[in-house]
Amino acid sequence: MEAATAAMVWFRKGLRVHDNPALDAARRGAGRLYPVFVLDPRYLRPDPAAASPGSARAGVARVRFLLESLADLDARLRRLGSRLLLLRARDDDVADAVCAALKDWNIGKLCFESDTEPYALARDKKVTDFTMAMGIEVVTPVGHTLFDPADIINKNGGRPPLTYQSFIAIAGEPPEAILEEYSELPPVGDTGEYELLPVPTVEELGYGDISQEEISPFRGGETEALRRMKASLQDKEWVAKFEKPKGDPSAFLKPATTVLSPYLKDVYRSVRNYTKPPVSLTGQLLWRDFFYTVSFGIPNFDQMKGNKICKQIPWSENEELFVAWRDGRTGFPWIDAIMIQLRKWGWMHHLARHSVACFLTRGDLFIHWEKGRDVFERLLIDSDWAINNGNWLWLSCSSFFYQYHRIYSPITFGKKYDPNGNYIRHFIPVLKDMPREYIYEPWTAPLSIQKKSKCIIGKDYPKPVVDHDTASKECRKRMGEAYASNRLDSNSFKGKPSNLSRRKWSHGDHDASNSSIAKLLKTS
DNA sequence: TGGCTCGTTGTGAGA
DNA sequence: GTCTCACAACGAGCC
C-alpha cells in the first residue's frame with residue numbers, strides 16, 4: 001500500500017519539532033512525510049484601514065512573530081532532513097488548501113494537534129469530513145494543552161469546573177512529555193505542480209514602511225523558546241521563588257515574568273513541578289488549561305450575550321473614550337505607556353494587562369470588555385482565544401472574579417514599582433523630562449514645570465479623559481446595580497417572584513436583551 | 001436547601 | 001519597608 005506510507009503533519013499552533021505528538025504520530029511508519037503550514041491571507045494581508053500597522057486580524061508584531069516561528073520551524077525540519085511545505089490558502093480558506101493537498105499528494109494519514117477554539121473546530125471539521133469521505137486516517141492528539149478539555153469536562157459530570165481550585169482537583173497529574181529524540185524524519189514526498197512558498201518577511205508582505213518603528217525584542221520560534229526556557233529554568237532559585245503576583249509590571253528591559261507565553265505554542269511540556277500553584281510556574285500552565293477547559297465547555301464563551309457564566313452588564317457605548325484607550329491617549333501616562341508597549345511590542349506584563357483592562361471596563365471607562373478583548377487579540381504576540389477571553393471575563397468582573405470594588409489605580413499602581421516612571425519615559429518620549437513627582441499625573445504639574453519639561457498638557461500630551469476618583473466611584477455604583485439585576489433575574493429563574501426583576505430591568509434599552517438572556521438560562 | 005469557606009495579584013490609612 | 005485593617009461584600013463548591 002503505497003498511499004498508506006505517505007503522511008501529512010499539518011502545523012497550526014504548535015510550531016515546534018520537539019515534544020510534538022502530532023509530528024510524532026505522523027513520522028511513525030511513514031515512508032514519506034509532508035509537513036504543511038497554510039498561510040492565511042486574512043492574517044497576513046496588510047490593511048491600511050486598520051487602527052495600527054498590521055492586517056485586519058493581526059498587528060505587525062504578531063505577524064512578524066508568526067513568520068519568525070515559521071522560519072525557525074523550517075530550519076529545524078531541514079536539520080532532520082525534511083522541510084516545511086508552506087501553502088497559500090485558496091480563496092482565504094485554509095481547510096480547502098489542506099484537502100486539495102491531501103488529494104493531490106495521495107496522503108494516507110493526516111495528523112494535527114487538536115484545537116478546541118470554535119473557529120478551529122469548524123475549520124477542522126471541514127477537513128475531517130473530507131478525510132472521512134476519502135478514507136484517509138486521521139490522528140489528532142492533544143498537544144497545545146496539558147490536559148484534554150473534553151476529558152476534564154467528562155470527569156466533572158459534563159460541566160466544566162468554574163474555579164481554578166476545583167479544576168486542579170479534577171485534573172490530577174498531567175501526562176508525561178514525549179522525551180524521545182530523533183535525528184531524522186522521513187523524506188518529503190513529491191509535491192508535483194505545487195507552488196511552495198519561502199517564508200516571507202514582513203517587508204515582503206508589504207509592511208516595509210514601518211521599519212523605523214520600535215519593534216518587539218522578542219523573536220519568534222522554537223529555538224528562541226527553548227533557549228529562553230533553559231535560561232529561566234537554569235536559575236533554580238528564581239524558579240523556586242517565582243510568585244506571579246510579585247512581578248514588576250514596569251520592568252521592560254528585563255521583564256519580571258518568563259515571557260514564555262508567546263512561545264508556549266512551541267514549547268512547554270518539559271516544565272515539571274517546582275513550587276505550588278496557583279502562583280508558581282506550573283501553576284501558570286494550569287491556568288492555561290483551566291481557561292481552555294471552560295472555554296470549550298461554555299457556549300458563547302467569547303461574548304456577553306448568551307454566555308451563561310457571564311454577568312449581563314449595561315456597558316457604555318463611547319467610541320471616543322474607547323479610541324483614546326486603544327491608541328494610548330487617555331492622559332494617564334501609566335495606562336498610555338502600556339497600550340503603546342502593546343502596539344509596538346505585542347507584549348506587556350501580566351499586571352500591566354490587568355491595569356488597562358480594569359481601566360477600560362469596570363474601573364474607569366465602563367466600556368464593554370469585548371472591545372478590549374478585540375484589541376488584545378489583534379495585537380498580542382501571545383494572543384490566545386481561550387486565555388484572552390477568560391482574562392477579560394475575569395478583569396471586567398463578568399465571570400470567575402467578582403470583587404468589583406477592587407480597582408487598580410491608574411496613578412498609584414505603577415508608581416509602586418517604578419516611582420521614577422522610567423517605563424513611561426521610554427514608551428512616551430514626550431514625557432521624558434517631566435519631573436518624577438508629576439510623571440504619573442502630569443496634569444497636576446504647574447505650567448512653568450510643563451514648559452520647562454517641553455510638554456504642555458492638553459497640547460503635547462492629552463489631559464486625562466476622566467477624573468479617576470469620580471469615574472471609579474460611578475463604576476462601582478453601576479457594577480453594584482448590574483449585579484443586583486443579575487441576582488434578581490437568577491432568582492426569578494429559580495422560581496421566586498419575578499415581578500421585582502421585571503421592575504428592575506426596566507432601565508434603558510437593556511430590558512430586551514436581559515430578558516432574552518433569562519430565556520436562554522431557562523432553557524439550559 | 002442553606003450555611004460556610006475561600007478565592008493567583010486593590011487601595012489607602014495607620015501602626 | 002512591612003504589616004494590618006476597613007472598605008463592602010461576590011459566588012462556586014462543598015458539606
Side-chain angles (χ1 to χ4, degrees), chain A residues 152 155-171 241-251 255-258 261 274-291 293-294 297-298 308-313 334-335 338 348-359 361-364 387 390-391 393-417 419 440-441 468-473 475-491 493-496 521:
Chain A
I152 307 263
K155 275 195 200 168
N156 194 44
R159 296 173 312 123
L162 294 176
T163 65
Y164 180 72
Q165 293 304 338
S166 61
F167 170 83
I168 299 289
I170 291 154
K241 288 186 172 168
F242 183 90
E243 270 188 77
K244 187 65 169 286
K246 293 195 178 157
D248 175 356
S250 68
T257 52
T258 60
S261 56
Y274 287 94
T275 48
K276 288 192 177 62
V279 293
S280 65
L281 274 181
T282 37
Q284 301 310 303
L285 298 179
L286 295 170
W287 275 104
R288 267 181 99 245
D289 272 64
F290 170 62
F291 283 132
T293 304
V294 183
I298 298 293
K308 65 179 180 179
I309 66 165
C310 180
K311 293 275 182 212
Q312 302 302 304
I313 296 169
W334 169 248
I335 299 297
I338 295 167
M348 66 287 208
H349 186 276
H350 181 67
L351 291 179
R353 300 180 192 199
H354 280 212
S355 266
V356 295
C358 180
F359 185 88
T361 58
R362 66 185 171 82
D364 289 86
I387 297 163
N391 277 310
L393 283 162
W394 185 295
L395 260 299
S396 65
C397 283
S398 295
S399 197
F400 306 114
F401 176 76
Y402 308 96
Q403 314 290 99
Y404 59 80
H405 38 83
R406 293 188 188 170
I407 292 172
Y408 290 87
S409 164
I411 297 151
T412 57
F413 183 72
K415 208 185 267 183
K416 209 163 46 179
Y417 302 95
Y440 284 86
E441 301 164 273
H468 173 64
D469 285 339
T470 316
S472 60
K473 279 199 184 81
C475 281
R476 277 195 183 94
K477 186 169 149 270
R478 290 162 87 174
M479 288 298 286
E481 287 165 4
Y483 269 43
S485 294
N486 279 267
R487 247 192 330 270
L488 284 165
D489 199 56
S490 74
N491 281 344
F493 159 58
K494 284 170 190 158
K496 293 185 180 173
L521 284 167

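Residue numbers begin at 1 in each chain, while the letters A, B, ... track the order of the sequences.
B:dT5 and C:dA8 have their P atoms separated by 23 Å, given to the nearest Å. For the P atoms, the distance from C:dG1 to C:dC5 is 22 Å, rounded to whole Å. For C:dC7 and B:dT8, the P atoms lie 25 Å apart once the distance is rounded to whole Å.
Contact check, A:T412 against B:dG12: a side-chain N or O comes under 4.0 Å of OP1 or OP2. At least one side-chain nitrogen or oxygen of A:S166 sits closer than 4.0 Å to the OP1 or OP2 atom of C:dG13.
A:K477 has its NZ atom 14 Å from the P atom of C:dA9, to the nearest Å. To the nearest angstrom, P of C:dG11 lies 17 Å from NZ of A:K308. One interatomic measurement links the two molecules: NE2 of A:H468 to C1' of B:dG12, which rounds to 11 Å at whole-angstrom precision. Residue A:M479 contributes atom CE, which lies 13 Å from atom C1' of C:dA9 at whole-angstrom precision. In this structure, A:I411 atom CD1 and B:dG12 atom P are separated by 8 Å, rounded to whole Å. Summarising the geometry, the separation between CG on A:D469 and C1' on B:dG10 is reported as 14 Å, rounded to the nearest angstrom. Rounded to an integer number of Å, the gap from A:W394 CH2 to B:dG7 P is 11 Å. Protein atom OH of A:Y404 is 15 Å distant from nucleotide atom C1' of B:dG10, rounded to whole Å.
Distance alone, capped at 3.5 Å, is enough to place a donor-acceptor pair between the A:R353 side chain and the A:M348 backbone. Distance alone, capped at 3.5 Å, is enough to place a donor-acceptor pair between the A:N486 side chain and the A:Q312 backbone. The backbone N or O of A:C475 lies less than 3.5 Å from no partner atom in the side chain of A:R362, so there is not a single donor-acceptor pair.
By the stacking rule of 5.5 Å between ring centres and under 30° between planes, A:W287 stacks on the base of B:dT8.
Here C:dG11 is the nucleotide among C:dG11, C:dA8, B:dT9 with the atom lying nearest to any side-chain atom of A:R487. When each of C:dG13, B:dG7, B:dT9 is scored by its nearest atom to the side-chain atoms of A:F401, the top-ranked nucleotide is B:dT9. Listed nucleotides: C:dG13, B:dT9, B:dT11. Nearest to the side chain of A:R159: C:dG13. Checking B:dG7, B:dT9, B:dT11 against the side-chain heavy atoms of A:F413 singles out B:dT11 as nearest. Counting only heavy atoms from C-beta on, A:Y483 has its side chain closest to C:dG11 among B:dT11, C:dG11, B:dG10. Comparing B:dT11, C:dA9, B:dT9 by their closest approach to the side chain of A:S409 singles out B:dT11. Among the nucleotides C:dA12, B:dT11, B:dT9, the one closest to the side chain of A:R406 is B:dT9.
A:F400 comes within 4.0 angstrom of nothing in the nucleic acid, heavy atoms only. Counting any heavy atom pair closer than 4.0 Å across all strands shown, A:Q165 reaches sugar-phosphate atoms only and no base atom. Using a 4.0 Å heavy-atom cutoff across all strands shown, A:K311 reaches sugar-phosphate atoms only and no base atom.
Heavy atoms only, all atoms of each residue included: A:P161 and A:I170 are closest at CB-CD1, 3.9 Å.
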Next on the checklist: Using side-chain contact (heavy atoms from CB on, under 4.5 Å), reason through A:K311 and A:C397 one step at a time and then give a plain yes or no.
Outcome noted: CA-CA 8 Å; A:K311 293 275 182 212; A:C397 283; over 6 Å; no
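Defined by atom type and a distance below 3.5 Å, a donor-acceptor pair is missing between the side-chain atoms of A:D248 and A:H349.
When A:Y402, A:W287, A:Y164 are each tested for a ring pair (Phe, Tyr, Trp, His ring centres under 6.0 Å) with A:W394, only one passes: A:W287.
You'll find a donor-acceptor pair under 3.5 Å spanning the side chain of A:H350 and the base of B:dT9, going by distance alone.
When Watson-Crick and G-U wobble pairs are counted only if both distances are under 3.5 Å, C:dA12 pairs with B:dT5. The partner of B:dG10 is C:dC7, by the rule that a Watson-Crick or G-U pair needs both atom distances under 3.5 Å.
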